[in-house]
Structures are given as C-alpha cells and as structure tokens.
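What follows is one structure encoded as structure tokens, with my remarks underneath.
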Amino acid sequence: MKKILVTGFEPFGGDLRNPSGEAVTALAETKSYEMKKLILPVSWQRAFPEIEKVWNEWHPDALLMVGLAGGSAAVRVERIGINLCGAIKDIDGLYANGSSENAEERPVIEGEREAFFATYPAERILNALKEAEILSKYSFSAGTYICNELLYSALAKRNRESADMQIGFIHLPYADGQKEGVPSMSLETMVKALEITLSALI
Ligand code: PCA
C-alpha cells in the first residue's frame, strides 16, 4: 500500500482559521493508501523540519502539502517551487534570515538551483478536479512565503536524495464564512478536492 504524507497549516497572519489545516484534519482514512498527517506552524524555522522527520523515518511514496491562498477563488494546483523567501515575518515574528528586525529576502537554499517543478501528476489532478466541477486551476507561483519554502525544500531534498517521490502543493481559498468580502469555498468542497488529489496520486 502506498504511503502518503499530507500536511496543512495552523492559522497565521491574524486569521483565526486556516482551511488547509482544517481540510487535512477532516480527511478520512481510506483502504487504498496509508496516510500520515501533519498540521504545521507557519514558521520559517519549524515547519520543514517536521516534514523532514516523518520523511526520513517513514519513507512516504508521496508528499502532498496544502496551504491557504487568501484571495484566491479556485483550488490552485501548484506547479513550481522557487528558491526565494520573501521578506515576510512568520508567526514567531521572524524573517527567513532568523531576524526579527532585519527585513531581507534570502534564498531557500543558498547555491541551489532557481526552481523545481512539482513531481505530482498535475494534469491528472486538475482534470479530476474539473471533472468533479470544483473550481480549480494551475498556478505557476506558490508565492514567496512558507508554502513556497516547503514546496521548494521538499523538491530539493527529493532531488538530492534521488528519491522517486510524488511531491506537490495545493493552495485552497478562504473557507465560507471565514471573512467578509473575499472569495471563499465550502470546507466540504475543499476536503473533496484533497480526496480527489490523493486518488490521483495512487
Ligand atoms: N499559506 C501561506 C503559509 C501558510 C499558509 O497556509 C503561504 O501561502 O505561503
């Protein structure tokens, strides 16, 4: 049976909820694959090490990371991770350089290549989401915050270790009722979108 590591995030940036963590938590166990879940802190220093630990100990066949893209109306199937951390503070009040005062961009990994493509079957996933009539699209930038940092870090590790792993990132909209005046989707639809994505991985 295939082993899939699925991650979501805790709330950040003043939001009380993060639909990515809620949707991942709500995913049901299935008979077709073994699943481990992690709900990660939106922290430059603490998020990826949690993934690395499970990866090294459990050796998953696939890694699906999920985050919130506030303002997006559609489920976004991310295609690319880039080697750039923006000058954005995390929930610990720190920039990617570890400083709380010195705002500066930095690479995710010094000296590593500019970008990696996600290795999950993006086309199959998007087709399956569209088939289910879930508002969805490709995205060619996961931003420069911690979602991109995870995607890039995971793809770089896979490349370093020549691991044959499906790795990708899904960005979700705000959940219905979470915020006024922004595009949103029901949590139920988002859970379904993740189930469809997971089925496309196996
Ligand atoms: N979204 C942020 C980080 C955590 C999350 O859910 C991002 O897009 O980078």
Side-chain angles (χ1 to χ4, degrees), residues 5-27 37-52 54 63-98 100 103-109 115-118 120 122 125 135-157 167-179 182-187 189-191 193-194 197-198:
L5 175 58
V6 190
T7 73
F9 278 105
E10 292 170 0
F12 69 105
D15 283 331
L16 298 175
R17 298 175 59 187
N18 189 327
S20 69
E22 293 180 26
V24 168
T25 302
L27 282 172
K37 302 176 191 177
L38 287 173
I39 308 303
L40 303 165
V42 182
S43 155
W44 292 112
Q45 286 171 15
R46 295 185 290 124
F48 191 64
E50 289 201 30
I51 292 181
E52 261 184 317
V54 177
L63 167 61
L64 181 69
M65 296 161 282
V66 187
L68 163 69
S72 177
V75 171
R76 286 170 28 178
V77 179
E78 299 294 346
R79 305 294 303 265
I80 297 168
I82 61 171
N83 195 8
L84 178 65
C85 299
I88 313 167
K89 276 188 178 176
D90 65 9
I91 53 156
D92 300 324
L94 301 175
Y95 295 103
N97 59 9
S100 59
E104 59 174 10
E105 296 182 338
R106 50 153 297 143
V108 179
I109 303 171
F116 288 98
F117 284 116
Y120 61 175
I125 292 166
L135 191 60
S136 47
K137 61 176 192 179
Y138 291 137
S139 163
F140 299 93
S141 169
T144 57
Y145 197 31
I146 292 163
C147 294
N148 172 74
E149 188 246 346
L150 290 193
L151 180 57
Y152 182 88
S153 301
L155 292 167
K157 176 172 164 68
I167 296 177
F169 199 103
I170 299 286
H171 257 128
L172 300 174
Y174 278 121
D176 284 350
Q178 185 178 345
K179 220 173 186 153
V182 293
S184 66
M185 193 176 264
S186 77
L187 199 61
T189 304
M190 295 196 267
V191 172
L194 296 185
T197 303
L198 289 170

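Keep in mind that the numbers below use all heavy atoms, side chains included, and drop hydrogens, waters and symmetry copies. For ligands, and for the atoms within them, numbers begin at 1 and follow the listed sequence.
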- line: Smallest heavy-atom separation, Val77 atom then Ala122 atom, equals CG1-CB, 4.0 Å
- request: Name the closest protein heavy atom to atom 1 (N) of ligand 1, giving the residue it belongs to and the distance to 0.1 Å.
  value: Leu68 O, 2.9 Å
message: Counting only nitrogen or oxygen atoms and a 3.5 angstrom limit, does His171 reach ligand 1?
response: yes
query: Taking all atoms of both residues into account, what is the closest heavy-atom pair of Phe9 and Leu150, and its distance?
result: CZ-CD1, 3.4 Å
query: Which residue supplies the protein heavy atom nearest to atom 3 (C) of ligand 1, what is that atom called, and how far is it?
result: Cys147 SG, 3.3 Å
Nitrogen or oxygen of Asn18 less than 3.5 angstrom from that of ligand 1: yes
- request: Check whether any heavy atom of Glu149 sits under 4.0 Å from an atom of ligand 1.
  value: no
Side chain, backbone, both or neither: Phe9 near ligand 1, heavy atoms under 4.0 Å: side chain
Test: Arg46 and Asp90 ion pair at under 4.0 Å: no
Polar side-chain atom of Gln178 near backbone of Arg17 as donor-acceptor pair, under 3.5 Å: yes
- request: Identify, by atom number and element, the atoms of ligand 1 in contact range of Ile146, meaning under 4.0 Å from any of its heavy atoms.
  value: 9 (O)
field: Euclidean distance, Ile82 CD1 relative to Tyr152 OH, rounded to 0.5 Å
entry: 10.0 Å
Short N or O distance, Gly67 and ligand 1, threshold 3.5 Å exclusive: no
message: Does atom CZ (Phe140) have a neighbourhood of more than 12 heavy atoms from anything else shown, all under 6.0 Å?
response: yes
